[in-house]
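Count residues from 1 along the sequence. This one's a predicted model, so the numbers in the text were calculated from it and none came from an experiment.
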Amino acid sequence: MPEDMITEAQSPAVQPAPAGTAAIEPTSPNEPQWFFAPAITQEERARLTEETVAALKTVYDPEIPCDIYELGLIYCAVFDDSRKVLIDMTLTAPGCPVAGELIQSVESAVGAVGGVSSVEVNMVFDPPWDQSRMSTQARIALDFY
């Protein structure tokens with residue numbers, strides 16, 4: 001997607017960025033960057049963000065009893081004018097045997113969000129995932145405290 005199509009970013013539970021701002025730093029280590037095409041209203045951005053987070057929280061790595069959102073595996077979500085969503089995500093380890101299954105699960109879950117036209121998931125390994133990306137909820141669930 002051309003960069004000029006994206007005007008603002010928004011993280012869940014964070015106020016929208018002022019006009020012309022390219023990104024908002026996440027308030028929690030597991031929060032991804034959220035980018036929206038200019039035609040998407042603030043109200044729709046909030047709804048899409050909330051519903052996409054809820055959808056992502058239904059996807060679990062079968063080997064880890066925690067959802068991929070709380071684990072911090074989602075790095076970025078970009079919504080274009082047609083409401084196509086491009087998601088950059090990673091894995092806890094590059095050799096994860098369920099990578100293909102997770103991609104399909106993310107595509108299905110986010111594709112069910114109202115108004116989303118399609119979903120494309122890109123698997124990225126830069127920056128590599130580490131435990132610092134996990135939310136407090138994930139740390140408690142995995143007994144990492």
Side-chain angles (χ1 to χ4, degrees), residues 1-17 22-144:
M1 175 183 315
E3 286 185 33
D4 63 343
M5 292 183 64
I6 303 168
T7 59
E8 296 183 18
Q10 168 182 330
S11 292
V14 175
Q15 295 298 317
I24 293 177
E25 290 302 313
T27 59
S28 176
N30 66 303
E31 291 184 39
Q33 293 277 292
W34 298 88
F35 297 94
F36 297 90
I40 301 175
T41 66
Q42 290 295 329
E43 294 79 20
E44 188 175 7
R45 292 173 192 204
R47 181 190 63 78
L48 287 169
T49 301
E50 181 179 326
E51 292 179 15
T52 300
V53 168
L56 291 168
K57 286 185 173 196
T58 68
V59 179
Y60 285 76
D61 180 325
E63 298 176 340
I64 303 173
C66 190
D67 68 76
I68 63 169
Y69 184 84
E70 295 299 334
L71 284 171
L73 299 182
I74 306 298
Y75 286 171
C76 178
V78 180
F79 292 77
D80 72 11
D81 285 324
S82 70
R83 305 323 186 256
K84 177 180 180 180
V85 186
L86 304 172
I87 296 175
D88 284 350
M89 69 171 289
T90 194
L91 302 168
T92 56
C96 179
V98 296
E101 180 182 327
L102 283 177
I103 289 171
Q104 290 176 341
S105 295
V106 169
E107 289 173 344
S108 292
V110 176
V113 170
V116 169
S117 63
S118 65
V119 181
E120 179 182 326
V121 176
N122 299 311
M123 194 61 65
V124 298
F125 297 100
D126 188 27
W129 180 87
D130 65 47
Q131 293 176 6
S132 70
R133 297 226 7 115
M134 293 172 27
S135 69
T136 301
Q137 180 180 340
R139 291 176 187 281
I140 290 169
L142 299 174
D143 201 22
F144 276 43

Compare all side-chain heavy atoms of [X] with those of [Y] and state whether any distance is below 4.5 angstrom.
| X | Y | value |
| --- | --- | --- |
| Trp34 | Leu48 | no |
| Arg133 | Asn30 | no |
| Asp88 | Leu86 | no |
| Pro97 | Glu63 | yes |

Which atom names give the shortest non-hydrogen contact between [X] and [Y], and what distance separates them?
| X | Y | result |
| --- | --- | --- |
| Pro94 | Phe125 | CA-CE2, 3.6 Å |
| Gly72 | Tyr75 | O-CE2, 3.7 Å |
| Ala109 | Thr58 | CB-OG1, 3.9 Å |
| Glu101 | Pro62 | OE2-CG, 3.7 Å |
| Tyr60 | Leu102 | O-CD2, 3.6 Å |
| Phe79 | Thr52 | CZ-OG1, 3.6 Å |

Salt bridge (Lys or Arg N to Asp or Glu O under 4.0 Å) partners for Glu44, two or more places apart: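 In terms of salt bridge (Lys or Arg N to Asp or Glu O under 4.0 Å), with neighbours along the sequence ignored, Glu44 is linked to Arg47, Arg83.
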Criterion side-chain contact (heavy atoms from CB on, under 4.5 Å) on Val59 and Asp67, from CA distance to verdict: CA-CA 6 Å; Val59 179; Asp67 68 76; over 6 Å; no
Steps toward side-chain contact (heavy atoms from CB on, under 4.5 Å) verdict (Lys84, Glu120): CA-CA 8 Å; Lys84 177 180 180 180; Glu120 179 182 326; 3.2 Å; yes
Candidates Asn122, Leu71, Leu73, Ile74 - the one meeting side-chain contact (heavy atoms from CB on, under 4.5 Å) with Thr90: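 Result for side-chain contact (heavy atoms from CB on, under 4.5 Å) with Thr90: Leu73.
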For Asp126, all residues meeting side chain to side chain donor-acceptor pair (under 3.5 Å), sequence neighbours excluded: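 Asp126: no side chain to side chain donor-acceptor pair (under 3.5 Å) contacts found.
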With Ser82 via side chain to side chain donor-acceptor pair (under 3.5 Å) - residues at least two apart: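 With neighbours one apart ignored, the set is Asp80.
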side-chain contact (heavy atoms from CB on, under 4.5 Å) evaluation trace for Met123 with Ile103: CA-CA 8 Å; Met123 194 61 65; Ile103 289 171; 3.5 Å; yes
Distance (rounded to the nearest 0.5 Å) between Ser105 OG and Ile68 CD1: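 So the gap between those two atoms works out to 8.0 Å.
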From Cys66 atom SG to Gln137 atom CD, the distance as rounded to the nearest 0.5 Å: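 So the gap between those two atoms works out to 6.5 Å.
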Pair Val53-Tyr69, side-chain contact (heavy atoms from CB on, under 4.5 Å): steps then yes or no: CA-CA 7 Å; Val53 168; Tyr69 184 84; 3.8 Å; yes
